[in-house]
Amino acid sequence: MDLTRSIVVGYDDTSASAAAVRWAAALARSTGVGLRIVHAWSWPLLGSGLAGVPVMDSAGPRNQAMQLLDAAAEAIAAREPDVQVHTDLLPGTARDVLDQISQTTEMLVVGTRGLGPVLSTLLGSVSRGILHDAGCPVAVIRSEQHTAGPVLVAADGSPSAAEAVEVAADLASSWAVPLRIVHVRPDGPGRSGGGTGAIDARTRSLPDGASAQALAAHDGLTVETRVLEGRSAADGLLTAAAGARILVMGHRGHSHGPLGSTVHATVLHATGNVVVVRRHLAE
């Protein structure tokens, strides 16, 4: 992850997006890059003209949106005075605006709202859509208070997981915290292989290979590797993520869909912050 460009965060004046802005600002400080706060805005129809034809009056709502952005930038300037903050009020829906931005930035940060048993409740529709379509790593932030513990990354030997290890190693190095690489193998009856020894040797090589990748990029980084068992990969990752600063995952494992089932389940049930790494150009 080359953070030579600004980190982009979506803001809509909710408490969830405000937490995402603060988290993104702290990351910008740690990595020495700028922060770009964006707000998507559509012209509303307000009232009617003399002939009964709807009249567009964008001045009031647009000014309100600009004031929201200005207030967010001022709050970050007071909190993180060393971070260069830029704001953009962009026309369009939040989903379309953030999806377009994700194609040209290094990291997109979004908030997630509330608690609930259904993905559409737990994650805002914008956050959920971005996870499917983004062209860059997307950080889904539940709280900016998660500032302790290692960076946790899932390794399964897939190209997407290798990209996740790259991003996770960059984050761990920027924060000066350990990188913990885990591979989860299901412990249920569906597990297959050519004997326990063969399975253990193969699964052991996955986090070890990821560790070599991380250390090659960041000499001196503290790296821990673990092979875990769980009812499912998502279950094992959720257990391992307890106490982690953030969980980093590739957008899919060895599947071919836009978002793997493990990622879907993990993001749905995670109680902490998650980064989903997706790059269109790498596919």
Side-chain angles (χ1 to χ4, degrees), residues 1-41 62 64-113 123-124 126-127 129-131 133-148 151 166-177 245-248 272-279:
M1 182 175 60
D2 179 14
L3 288 174
T4 57
R5 289 175 284 182
S6 295
I7 297 167
V8 177
V9 57
Y11 181 64
D12 62 3
D13 197 34
T14 62
S15 58
S17 68
V21 170
R22 292 190 292 269
W23 185 92
L27 178 61
R29 170 176 46 78
S30 297
T31 54
V33 301
L35 177 67
R36 183 182 176 195
I37 307 174
V38 300
H39 178 76
W41 172 80
R62 188 178 188 281
Q64 290 178 351
M66 284 299 303
Q67 290 172 7
L68 291 178
L69 280 174
D70 290 343
E74 290 173 3
I76 293 304
R79 185 185 183 96
E80 304 285 358
D82 295 330
V83 174
Q84 291 187 347
V85 181
H86 303 276
T87 60
D88 281 310
L89 183 61
L90 302 175
T93 66
R95 167 74 180 274
D96 290 342
V97 165
L98 294 180
D99 180 62
Q100 183 177 5
I101 288 174
S102 76
Q103 309 305 317
T104 57
T105 193
E106 288 298 320
M107 176 171 282
L108 176 64
V109 182
V110 295
T112 182
R113 63 168 182 256
L123 288 176
V126 173
S127 302
I130 285 296
L131 290 180
D133 301 325
C136 72
V138 178
V140 181
I141 303 304
R142 288 175 172 82
S143 172
E144 79 273 22
Q145 302 302 321
H146 288 270
T147 58
V151 172
E166 177 188 340
V167 171
D170 289 345
L171 290 173
S173 178
S174 297
W175 289 328
V177 300
R245 180 161 181 163
I246 200 163
L247 169 62
V248 184
N273 300 329
V274 181
V275 174
V276 177
V277 178
R278 178 182 177 87
R279 291 189 176 113

Whether Ser174 side chain and Asp170 backbone form a donor-acceptor pair below 3.5 Å: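 Side chain of Ser174 to backbone of Asp170, a donor-acceptor pair under 3.5 Å: yes, one is there.
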field: Any donor-acceptor pair under 3.5 Å from Asn273 side chain to Arg142 backbone
entry: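 Flag set: sc Asn273 to bb Arg142 pair under 3.5 Å.
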Under 3.5 Å, which donor-acceptor pairs do the side chains of residues 20-28 form with other protein atoms, sequence neighbours left out?
from: Arg22; atom 1: NE; to: Glu144; atom 2: OE2; distance (Å): 2.6
from: Arg22; atom 1: NH2; to: Glu144; atom 2: OE2; distance (Å): 3.1

- request: Output the distance between atom CG (Leu69) and atom CG (Asp13), rounded to the nearest 0.5 Å.
  value: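 Going from CG on Leu69 over to CG on Asp13, the span is 9.5 Å.
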For [X], which residues count as a side-chain hydrogen bond (donor to acceptor under 3.5 Å, both in side chains) partner, sequence neighbours excluded?
| X | answer |
| --- | --- |
| Thr14 | Asp12, Ser17 |
| Ser102 | none |
| Asp70 | none |

- prompt: Does any non-hydrogen side-chain atom of Val151 lie less than 4.5 Å from one of Val275?
  reply: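 A side-chain contact is absent here, since even the closest heavy-atom pair is not under 4.5 Å.
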- request: State, to 0.1 Å, how close Thr147 and Arg245 come at their nearest heavy-atom pair, and which atoms those are.
  value: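 Closest approach of Thr147 to Arg245, heavy atoms only: O-NH1, 3.5 Å.
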Shortest non-hydrogen contact from Cys136 toward Thr105: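 What the structure gives for the nearest pair is CB-O, 3.3 Å.
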Give the table of side-chain donor-acceptor pairs shorter than 3.5 Å for residues 74-91, with sequence neighbours excluded, one pair per line with atom names and distance.
from: Glu80; atom 1: OE1; to: Arg29; atom 2: NE; distance (Å): 2.5
from: Glu80; atom 1: OE2; to: Arg29; atom 2: NE; distance (Å): 3.3
from: Glu80; atom 1: OE2; to: Arg29; atom 2: NH2; distance (Å): 3.4
from: Asp88; atom 1: OD2; to: Arg36; atom 2: NE; distance (Å): 2.5
from: Asp88; atom 1: OD2; to: Arg36; atom 2: NH2; distance (Å): 3.2

field: Residue that, paired with Val38, satisfies side chain to side chain contact (heavy atoms under 4.5 Å, CB included) out of Leu98, Val9, Leu108
entry: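 So, applying the side chain to side chain contact (heavy atoms under 4.5 Å, CB included) to Val38 and each of Leu98, Val9, Leu108, only Leu98 qualifies.
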